[in-house]
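What you see below is based on every heavy atom in this structure, not just the backbone, and it leaves out hydrogens, waters and symmetry mates. These numbers come from a predicted model, not from an experiment.
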Amino acid sequence: MRIVSSVVVLSVLTLAWADAPSSGGLTPQTGAESHARRITWQDVGPLHARLEARGFSAADFSVRIDRLAEDNARRVHLGDLDHLVFFALQSTRFTRLPAMEPALSARALVDDMDPADRDAFFADPASVRGRVNPAVRARLTAFLRAIAAPGADARLAYFGRLVGDAVPAARDREAALVAEYLRVMRFVYEKEFGAGRSTSAAAAALYRTRGLSTDTAVEAGFLVSQGLGVLRGLQPDRRVRRVLIIGAGLDIAPRTALLEAAPPQSYQPWAVLDALIGLGLARLDEVEIVAADINPRVVDYLQQSRTIPPQLLLVSGIGDDGRVALAGGYREYFEAFGRSLGQVDTGPRTGRGMLLVPAGHLFKRVQVSREAAQVLHSERFDVVTERIVGRTFDLVVATNVFPYFDDDALMLAVANIAGMLDGDGVLLHNEPRPTLFEIAAALGLPPWQSRHAIIATVRGAPPLGDSIWLHGRHLVANR
């Protein structure tokens, strides 16, 4: 079961769109620039034969890259709207109406349709606008009222800016939001109850066309720390000075189990830094971390974190509940998290001015120090169509990034990563697709080590965990 969520698929040159998407929903109206350059045919020389077999050529390469970048920009916007719908259904901050679990909402929507409406829904979700449950409409209406006056709620402010940019006219917003709800519910239904449940390949195919999520969670850091622990164990003298994190992510509104105890946060840059320092692989006064994300809103947040060091309010995404039991290794990781970042507080969870944390979940505060914050830099960057030039990296971290790419995009992304790695640099990822290992080997980045990490055990079901792989050109154990 894939539970680690740290998403990217990085940035593009513009998010300006003239026409509404086919869903009839919200459209982006903002622009953005990237500091990375577009890749050329010469950049992907080791993969020419593979790319030509898939229809690429030197003559049309730049045109195809432009189209990929445009599609990635479209998917970034759809990912933002996915999170908006998940928030509008689940949040308890802006209404007293009962929260709705997105998968159950999708099932109720489809189960209430006759066969003709179902066929129409899966062909074009917006064609069944009249079938939206009144309870859902009531939540969407309450959400639109709330974003008009968000107060100090960071998520309402975030989504309010998104809606305001996409649909300037308030009179058009309810219809646009209903259209987005229907689009998102089609994906959720197909994943949870349709083709996505039939085979792992079918589920993977859904992710390669859906919106690009910003999801991230504390648990992702545990997986990365396990991989870095392997690196430290085999090469204790290795030092990491330049790090690229592809898809830093932002915990804004996941598809399930929305926890509003803490404001939106980005965990992975701090988790990577904490692990590097704690394992002795890096020093705070020597390391530089570039946190890259395709989503400009994520990059804006990360830029603010460098200026104003954040207080991380960490709540485990999984908790002990009688059926699920957190693994000892994960508990130890959570307990130690933050010791290399600044001041750690595990004080009371509740009381006046305190946060309400679900029972069984782990909790702590970490105030990032100014010294640690200065380590972080942020970059908008599309790993499929761009590469950062003028510097190389000792370590590239890409967890839960590659599942969003088809084989064409995967080839380009891995080629770009190879081109940004230092001679003995390491790629750390959690994508099990065999195609990736073939591509990486062709680029001189064979897999070196892997580790499976268990986060929790589940009575009567397989444990929750994930696997991590390390690739490198010259990875030899210093023994």
Locate the shortest heavy-atom distance separating R37 from V389; write the atom from each residue and the value.
NE-CG1, 3.3 Å
Please work out whether the ring planes of F437 and W469 are parallel, tilted or perpendicular, with thresholds of 30° and 60°.
perpendicular
Do R380 and D293 sit within salt-bridge range, that is, some charged N less than 4.0 Å from a carboxylate O?
no
Is the centre of the F187 ring less than 6.0 Å from the centre of the Y207 ring?
yes
Considering the options V426, L470, L281, I468, which one meets the side chain to side chain contact (heavy atoms under 4.5 Å, CB included) requirement together with L228?
L281
Scan L445, L428, V383, I246 and name whichever one has a side chain to side chain contact (heavy atoms under 4.5 Å, CB included) with V396.
I246
Quick one: does NZ or CZ of R107 land under 6.0 Å from the six-membered ring centre of F193, within 45 degrees of the ring axis?
yes
Looking at residues at least two apart in the chain, or sitting in another chain, which of them share a ring pair (Phe, Tyr, Trp, His ring centres under 6.0 Å) with H377?
none
Under the side-chain hydrogen bond (donor to acceptor under 3.5 Å, both in side chains) rule, collect the residues that match up with R186, sequence neighbours excluded.
none
Measuring from S225:OG to E332:CD, what's the distance to the nearest 0.5 Å?
11.0 Å
Check whether any side-chain heavy atom of I39 lies under 4.5 Å from a side-chain heavy atom of E386, and answer yes or no.
no
Answer yes if the side chains of E219 and S316 hold a donor-acceptor pair under 3.5 Å, and no otherwise.
no
Residues passing the side-chain hydrogen bond (donor to acceptor under 3.5 Å, both in side chains) test with N416, sequence neighbours excluded, are R387
Classify the ring geometry between Y189 and F122 as parallel (under 30°), tilted (30 to 60°) or perpendicular (over 60°).
tilted
Measuring only between side-chain heavy atoms, which start at C-beta, is V414 closer than 4.5 Å to H471?
no
Candidate pair Y158 and D80, rule side-chain hydrogen bond (donor to acceptor under 3.5 Å, both in side chains), full reasoning:
CA-CA 10 Å; Y158 180 99; D80 270 341; 3.3 Å; yes
